[in-house]
Amino acid sequence: MNETQGAGLAALILAAGNGKRMHSQKPKVLCEVLFKPMIAWIRDWCSRAGIMEQCVVISPEGEEIRSYFPEGTAFAVQQERRGTGHTVMQAMDFLRAHAGGDILVLNGDAPFIDDETIRQALRLHRQEQAAVTIVTAEVEDPTGYGRIVRSRKNVSAIVEHADADDAVRDIREINSGAFWFRTDFLIDALASIGCDNAQGEYYLTDTVKVATGRGERVRAYCSENRDIVLGANDRRGLLKLNEIARRRVFDQLLEKGVNLLCTDGLIVSPDACIEPDATLYPGVIIKGNTRIGAGCVITSGSVVEDSVLGEGVTVNASQIYRSTVGDGARIGPFSHLRPDSHLAAGVKLGDFVEVKNSSIGEKTSVAHLTYVGDSDVGARCNFGCGVVTVNYDGLKKSRNTIGDDVFIGCNTNLVAPVTLGDGAYTAAGSTITEDVPGDALAIARARQVNKPEWSARFRGSKQKPGE
Amino acid sequence: MNETQGAGLAALILAAGNGKRMHSQKPKVLCEVLFKPMIAWIRDWCSRAGIMEQCVVISPEGEEIRSYFPEGTAFAVQQERRGTGHTVMQAMDFLRAHAGGDILVLNGDAPFIDDETIRQALRLHRQEQAAVTIVTAEVEDPTGYGRIVRSRKNVSAIVEHADADDAVRDIREINSGAFWFRTDFLIDALASIGCDNAQGEYYLTDTVKVATGRGERVRAYCSENRDIVLGANDRRGLLKLNEIARRRVFDQLLEKGVNLLCTDGLIVSPDACIEPDATLYPGVIIKGNTRIGAGCVITSGSVVEDSVLGEGVTVNASQIYRSTVGDGARIGPFSHLRPDSHLAAGVKLGDFVEVKNSSIGEKTSVAHLTYVGDSDVGARCNFGCGVVTVNYDGLKKSRNTIGDDVFIGCNTNLVAPVTLGDGAYTAAGSTITEDVPGDALAIARARQVNKPEWSARFRGSKQKPGE
Amino acid sequence: MNETQGAGLAALILAAGNGKRMHSQKPKVLCEVLFKPMIAWIRDWCSRAGIMEQCVVISPEGEEIRSYFPEGTAFAVQQERRGTGHTVMQAMDFLRAHAGGDILVLNGDAPFIDDETIRQALRLHRQEQAAVTIVTAEVEDPTGYGRIVRSRKNVSAIVEHADADDAVRDIREINSGAFWFRTDFLIDALASIGCDNAQGEYYLTDTVKVATGRGERVRAYCSENRDIVLGANDRRGLLKLNEIARRRVFDQLLEKGVNLLCTDGLIVSPDACIEPDATLYPGVIIKGNTRIGAGCVITSGSVVEDSVLGEGVTVNASQIYRSTVGDGARIGPFSHLRPDSHLAAGVKLGDFVEVKNSSIGEKTSVAHLTYVGDSDVGARCNFGCGVVTVNYDGLKKSRNTIGDDVFIGCNTNLVAPVTLGDGAYTAAGSTITEDVPGDALAIARARQVNKPEWSARFRGSKQKPGE
């Protein structure tokens, strides 16, 4: 049986903190590590551990957080900050709805927990029939963290750093802030904890006291992943999390056989899939759910976000957003694929090319200084330099349709909606406003006139060229 | 009372060194740290400490240095290199002009002194009525530096590393090369020091001997900023100064709440002001007196120099020089603002756009492959792709004037000087040489002709398209 | 006498390894360090040491390797992998052809050997009349390497790490895998070694046993260059080699007086020559045999490959391939020189400009959004914005010829082949299909017509602009 499947399995994510020390307009949990908000890391680790029932406690300023979760996610709002215990109390409806099961409670700003740790902690929690299982780690320097006081399996207390004597301070096993609770126990225990302390706050860790007082079992699952304890309170801490996360991704990529020649300035999303034998230059940025095929070469200055690249694609100092690129396509330098662009295999996009919301067929070449927007382009076409798909007339956007084997002359305007048949040809410098039948030539330009000796006169006088 | 205000307060900057070990054509003090010449660091620290009377001693090859100082700065030229004492002697006129006060003497190639150190050293100098106050620092490894021999407040000597016995070598307080002098004392003392030493040079540090010989007080102000002692003699040293300076700036930015996700290749001018919650990607370069508002996002590959960006501006892999950008504007990828460009709030500049010496009104969109030069553009305009403001006719440059709500068709030439009235419209592919009244359509292009079956014949023959 | 000259001097390069652990499609020795395949490093070190007779042993999958060597290089193919001794046996023809001399045997995947080490090892080899001279290095951590057991000059054995006792494991002098052999001895010895071991392989190092058994001299040349022992078996190792190689190049550049302000993401080819006082920004990539003159400034995002730049050239975020650029030229930002472009002194290329297979004369300006392909352009020309050399008609490519002092209007098409005489002028928006005589104006465009109040009506209706 999969340990993480079963009745009542749920997670409660504490995300009510503000970003004051971050000096951020956004809620703290939306601060990003590798371009992914911290809370999205938590959301995904829980999902990968099989916990689909999630409840998020936000502050009144945290409404934006809702949009990062799928429909069906539960939310609770904490009106005032009165400690972690109080935060959990806000989700009492969710807890009750999941009575009879187990619930994971964890912080929304400690992004390096992992699904394996979550699963293993649950396994221990259930095997031991514990009321609480604390997820812990053993670290070099435990200063500032709550220490796990235990005798073998049996945890007797979490002692905060400030309250610890020398013996306890020597303990290097610390509380990560994530806990598996028997949900029924948690509901009960929350009713028992008070706020009779210096800050006047309710502490979630006081539930451990409640458990030991009742003779319930408290366990600790010590993860091998020490980074689970890491969070960020300020920009310095957030930079540190980014550095750690970058290196973790690099380790995985190198292991897999991705060619990294220098990792300076390279940032790869934790959700990206880079195939072996692909090459990433320094300074490349891969965001979101991106897939990069074997043998691709992505050079410095490139950004690829939420896109799928086939095998052997070259992206040279170009940016690609929410698009797909077929095998062997070559892009750049200095090109730009805006969302919903679909390049077939073998397409060549040269320099200073923008593509937007268009499909381009196999082996079509768009070599330079061209904009392809809202168009469907066939295979083996050749776009001259300076071609513009005129997709907007000031009122509405329209699409162009271009067949196979079409040759579009330089500095041609294709005023949408027009259709160019297979094998059509447009003369350089033409503005095409009407359909062009297959194999026809469309031309729309004035004849050249030479005015001898004009330049010499012009250099003397001040007349306007063309007059 | 402000310590650094008062009669006769002045600074003498020693800048006569050459760049031989730098292998530089430029004088050594013009070598740059964070794109700012070392001497400009010194100039600004002195100014910030309230010392506006500055004199710079340059070598005959250092004439270029003059341009880095404001009018009214004094200069002296050292014809031959005969030691630091000799360098100071070249400025005797400046010293005499500031008799009766105090003078700061410091090197032009030790950029990390700071205004607070300068002020505090002067305070001590005056409180103690010292003849000389040496600015010092305590460092881990004093090897190579002159040691400060003192008994409590009383400094008895500066002993050069080469002349030091083991006991003196253990001293970790060292001479930074900056000194406050009672000006009258300095004038006198310079007359007393000789060049009776191995190199045959006059040493400024010999004035300490003169002072102690006369029973004058010598003091040392030990700065907490240890970097004040750092200078660069070669490219390796200069690289090191750049690294140190980069990290100092990063520390300030993080403290303030700027979002840095990876600092590789990031270089931020010490004179830049970046607001909290702005984001700088790796590889961004911010030069000179640049101001970047809250919530801005500046991505890799961007360069911003001497410009002012409002709040919430996005700059994606674009370069901006001596320009202003209003709130919420979006620029890039791959665009270029040349000097004297002024974008109002909400302007959108897409990819491959150049703007030069132009103003662009609110919410105007210039989406792609366009050049806006020497033009005044109104609000809510839409530039098609490939628009060119033809501002140069081979003899002179002229300006275009474009009203509000103007729609400019793709691949349009606007041959300056032309005026487009509010709400005017130009057809794609037109070359506009005459003014367009408000709400009028201007069109200047040939009608399209389709030649059926032409392509098929062309592919067989070799005729020129259009014939 | 030059030690490395003389009859029978030859090198045998072992390159039959596969890239399995690299997860690479390519043979392992083609994996790159600073964009140069490892085997090309070996090839060049041997050549620089004066060894022009080279034989490469490849695997059946390694045919691609042949293309990296000049004509006249010998190749042998190892059909099955049976150890280094077996690899060498495949080259028996080459060995016999070089009988009577000395032969260097070395691995194709240890790129940091150097010509000085090769030469010095040969000198020792010959002075000592050795049968074998092992190239060695003393390293901090010899774990995993074969230890050199010697009594003074006399080497008695190479002991593999796995076979070493504690005393031998303490030895820090290790086998680099490169050997000088008396060729005749090597031929004999190969006949004597067996494959009577756990792996059933023939080991080249067993020749040492053969030599000592016969009373022949075995020597070791211990190089000061410890990096000679480094190779890469996987992507992590390859990244490490790249890091080491980058730093070695930086050290040389700084020593020479090149201005590096931050080395993050900077990669400079080992074969590049950068003159003193040139400046390389972070993130610059210099590939292949590139020469960059004094005073050049190459900014972040630039790529220069196999090109020659004169003095004082500025390259701003641009890419240059197999081209030449004259003194004082300024390029970028965001421009692209494709192969066989030749810019004379003082040329200005602005932003979004592509040049391909063209020559451009002195002081010509191509300021923006222009493509110059297959063209010969004179001096002091001015290209307007959006100019296109129409060099391809769908069937064949043709060249344009442009004289001196030509002014080309904006958005002009020059439909090749056309010739523009000296001082010719084209009006903005013209498509030029015929030659333009010197000093003539060519114009090919329709007259402008203004349609009053059209816009207002259009905004109400849905008619197509221009109708």
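Lettering of chains follows the sequences in order, A, B, ..., and the numbering in each one begins at 1. Note: hydrogens, waters and symmetry copies are ignored here, and every other heavy atom, side chains too, is used.
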Any salt bridge between [X] and [Y], counting N to O under 4.0 Å?
X: B/R246; Y: C/D264; answer: yes
X: B/R235; Y: C/E255; answer: no
X: C/D277; Y: B/K26; answer: no

| Do B/D351 and C/F352 come within less than 4.5 Å of each other through their side chains, counting heavy atoms only? | no
| Side chain to side chain, C/Q448 and B/V415, heavy atoms closer than 4.5 Å | no
| Option in C/P276, C/C385, C/G283, C/P452 with maximal non-hydrogen atom pairs under 4.5 Å from chain B | C/C385
| Looking at C/P333, C/G409, C/S300, C/G301, which one has more heavy-atom pairs under 4.5 Å with chain B than the rest? |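 Heavy-atom pair counts peak at C/P333.
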Side chain, backbone, both or neither: which part of [X] has a non-hydrogen atom closer than 4.5 Å to chain C?
X: B/D234; answer: neither
X: B/N391; answer: neither
X: B/S318; answer: backbone

| query | For the residue pair B/F35 and C/Y281, does the interplanar ring angle fall in the parallel (under 30°), tilted (30 to 60°) or perpendicular (over 60°) class? | reply |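 Aromatic pair B/F35/C/Y281 classed tilted.
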| request: Please list, in residue-number order, every residue in residues 364-372 of chain C that has a heavy atom less than 4.5 Å from any heavy atom of chain B; write 'none' if there are none. | output: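 Within residues 364-372 of chain C, the residues under 4.5 Å from chain B are C/A367, C/H368, C/L369.
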| request: Return the set of residues passing side chain to side chain contact (heavy atoms under 4.5 Å, CB included) with C/D405 (not counting sequence neighbours), or none when no residue passes. | output: C/R380
| message | Under 4.5 Å from any heavy atom of chain B, what part of C/P282 do you find: side chain, backbone, both or neither? | response |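 Just its side chain gets close to chain B.
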| task | Please lay out, stage by stage, how C/N316 and B/Q319 fare under the test side chain to side chain donor-acceptor pair (under 3.5 Å). | result | CA-CA 10 Å; C/N316 180 1; B/Q319 302 196 358; 2.9 Å; yes
| For C/N411 against B/T412, the heavy-atom pair lying closest together | ND2-O, 4.2 Å
| field | Donor-acceptor contact below 3.5 Å, side chain B/R459 vs main chain C/G394 | value |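 Checked: no pair found.
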